[in-house]
Amino acid sequence: MKPPPFAYRRASSLEEALRLAAEAGEDAKFIAGGQSLMPLLALRLSRPSHLVDINRLQELGGVHQENGALRVGALVRHATLERSPDLDGPWQALREAAALIGHYPIRLRGTFGGSLAHADPAAELPVVSTALQATFIARSASGEREIPVSEFFAGPLMTVLEPGELVVEARFPAPSPGTRSVFEEFSPRAGDFAFAAAAVVLAADDGGRVRNAHIALGGVAAIPVRAHEAEAALEGEVLTGSAAQEAARLAAAGCDPSGDAHASGAYRKELVATLVGRALSRLREER
Amino acid sequence: MPHVDQHLSGDWLEADESVRIRLVANDQELPVEAPPRCTLADALRDNGLKGTRLGCEQGSCGACTVLLDGRPVRSCLMLAVQAEGGRLETVEGLAAGGELHALQRAFHDHGALQCGFCTSGFLMLAAGLLREEPDAGRERIREVLSANLCRCTGGGPILQAVLAAQRELRGGRG
C-alpha cells in the first residue's frame, strides 16, 4: 500500500462533509474523483490525517444554464463537460478544455472542483475559468463565500481555500451577446500536461469589432495569467489576420515563463504566440 | 471488525483499522479486509485477482485498469472503500465460460503483446470503450488507447487488434 495512513469517512450530504472536515482539523482533506489526490498520496507529497469522501454527493453534480449564465457543480466529471453539446458559443472553451484533460479513464472520474482545488499551473480548467471570469462558491462549516477566479490561485498547487473549505460550484457570468470562446494547448503527447495553453473569449459587435476580449494563459507562470496587453489591442478592432497576429505577439511578449526539463522558457513563449494565434484564427473562421 | 457501511452513520474509520469492504468483481463477492488507505488495485490483487497489474502506482501507466460499473478506471487511483457497491470487472472476467473474448483473440492474432505486463490493462480499457462507444472511430480509439503505456509493441499492433475486435463485435450484433 503506497498511500500514507489516514482516517476515512464517506459523507452522505454536503452539510455532513463540511461538519466532518471541520471536526477533523486542518490536516483533513476532501477526496472526490481522486485523480490528482491519489498520485500525491502515492508519492507521499500529501499526508492528510483524515479524508472526507465526497465522491457520491450527487447534489454537487449539476451543470445548469440560466439566463445566459452557467453554473458547474464541483463534482461534475470532465467527461460530462466533454460530452455536453449544449456547451457551445461562449462556453465552447470549457468543453474543449475538458476534452484535453489527462486521459479517458481520468476524465471519467476527475472532477471540476478537484482540478481547481489542485491548482496545477498547467491544468486546463483554471485557465479556462480565468478567461471566462468564474466566481467560485466555497463553503465550510462556518459559512459560504464567493471567490473570484482572479483571487483564487495563490501559487503552484496552492489556493486561498482554508482548511475545511470546499469549492461547491463555479459560476460563470452571462457573456455579452455573440460571445464565443475556444481553447488551445500544446503537449508532446495526448494526455500529457501542456507546455502552454490559451483560452480566448471574445464578442463581436454589429460592425464586426471585437468587444470584451479575454485571453488567459496556462503553463507559463505559477498560476493562470491574463494577457492584458493583447486583450487591449484587440478591443474595438476588426479581427483581421494582422490584428490576430499582433495580439498573439503581445500575448507572448507579456509573459515570462520559466524553463524546465521539458521545455525552455523561450520555447513556451513561442508556443503562447502560436496558441493564441491559432485560437484567434479559429474565432475568425468558425463564425 | 467494522464494515465500511456501518461507519457511515457512526465514527471515522481509523487510519490502520482493517475494515470489511464489500467488493463485487466479475459477479463474485470478494472477502476484502483492508484499511482505508488500501487502493482498489491492492485489494483486488490481495484477494486473488492478480491479472490486474500494478506498474507505476501513481496513475501514469494504466496497467491496473479495471471496469467499475462498465467504465474503465485506474484501480491504483481509487481507494478500495470508494469502490464499494460498484460492479467491478477485471481481466479474469473477460473470458466468459472459458472462451477468449474477441479482444483477447485479436490481441493474440495481431501480436499486440510481447511481455504481456500491460495487456490486462489495455484489454479492460478497450473493453470499456467498445461497450460505451461501440462505433468509436479509429482516431477516437487511438486517442483512448494513449491512456495506457506499452513498452514492447509500440502501440500499433494494439490499435490494429482493437479495430479487429470491434469489427468482430459489430458483426456479431448484426
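In the text below, chain A, chain B and the rest are named by the order of the sequence lines, each starting its count at 1.
Heavy-atom neighbours of chain A within the stretch residues 49-67 of chain B, taken at a separation under 4.5 angstrom, comprise B/C56, B/E57, B/Q58, B/G59. Among the residues in residues 109-118 of chain B, none has a non-hydrogen atom closer than 4.5 angstrom to a non-hydrogen atom of chain A.
With rounding to the nearest 0.5 angstrom, the CG atom of B/L68 is 10.0 Å from the CG atom of A/L108. In this structure, CD in A/E169 is found 11.5 Å from CD in A/E59, a value given to the nearest 0.5 Å. Here the OG atom belonging to A/S129 is positioned 11.0 Å from the CD atom belonging to A/E124, to the nearest 0.5 angstrom. Taken to the nearest 0.5 Å, the OG atom of A/S115 stands 13.0 Å off from the CZ atom of A/R77.
Considering only heavy-atom pairs separated by less than 4.5 Å from chain A, the leading option among B/R71, B/Q82, B/M78 is B/Q82. Of the listed residues (A/V52, A/N55, A/L20), the greatest number of heavy-atom pairs within a distance under 4.5 Å of chain B belongs to A/L20. Counting heavy-atom pairs closer than 4.5 Å to chain B, the top residue among A/L37, A/L40, A/I31 is A/I31. No other option in B/D42, B/L79, B/L125 has as many heavy-atom pairs under 4.5 Å with chain A as B/L79.
Ring pair A/F136/A/F152 is perpendicular by interplanar angle, where above 60° counts as perpendicular and below 30° as parallel.
The nearest pair of heavy atoms linking A/P105 to B/R74 is CG-NH1, 3.8 Å. Between A/F30 and A/A17 the shortest heavy-atom distance is CE2-O, 3.8 Å.
Donor-acceptor pairing under 3.5 Å is lacking for the side chains of A/S13 and A/E15.
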A/E96 vs A/R282, salt bridge (Lys or Arg N to Asp or Glu O under 4.0 Å): CA-CA, chis, key distance, verdict: CA-CA 13 Å; A/E96 292 180 359; A/R282 283 180 57 204; 2.5 Å; yes

A/S36 vs A/D120, side chain to side chain donor-acceptor pair (under 3.5 Å): CA-CA, chis, key distance, verdict: CA-CA 9 Å; A/S36 298; A/D120 190 294; over 6 Å; no

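Interface residue B/R140: only side-chain heavy atoms are found under 4.5 Å from chain A. With a 4.5 angstrom heavy-atom cutoff, A/I106 touches chain B only via side-chain atoms. Using a 4.5 Å cut-off between heavy atoms, A/A32 contacts chain B through its backbone alone, with no side-chain atom that close.
Dense packing is recorded around CZ of A/R83, with more than 12 heavy atoms of other residues, nucleotides or ligands lying under 6.0 Å away.
Annotation: side chain of A/D27 is not in contact with side chain of A/R47 (no heavy-atom distance under 4.5 Å).
B/E168 contributes no side-chain N or O that, together with a main-chain N or O of B/Q166, makes up a donor-acceptor pair within less than 3.5 Å.
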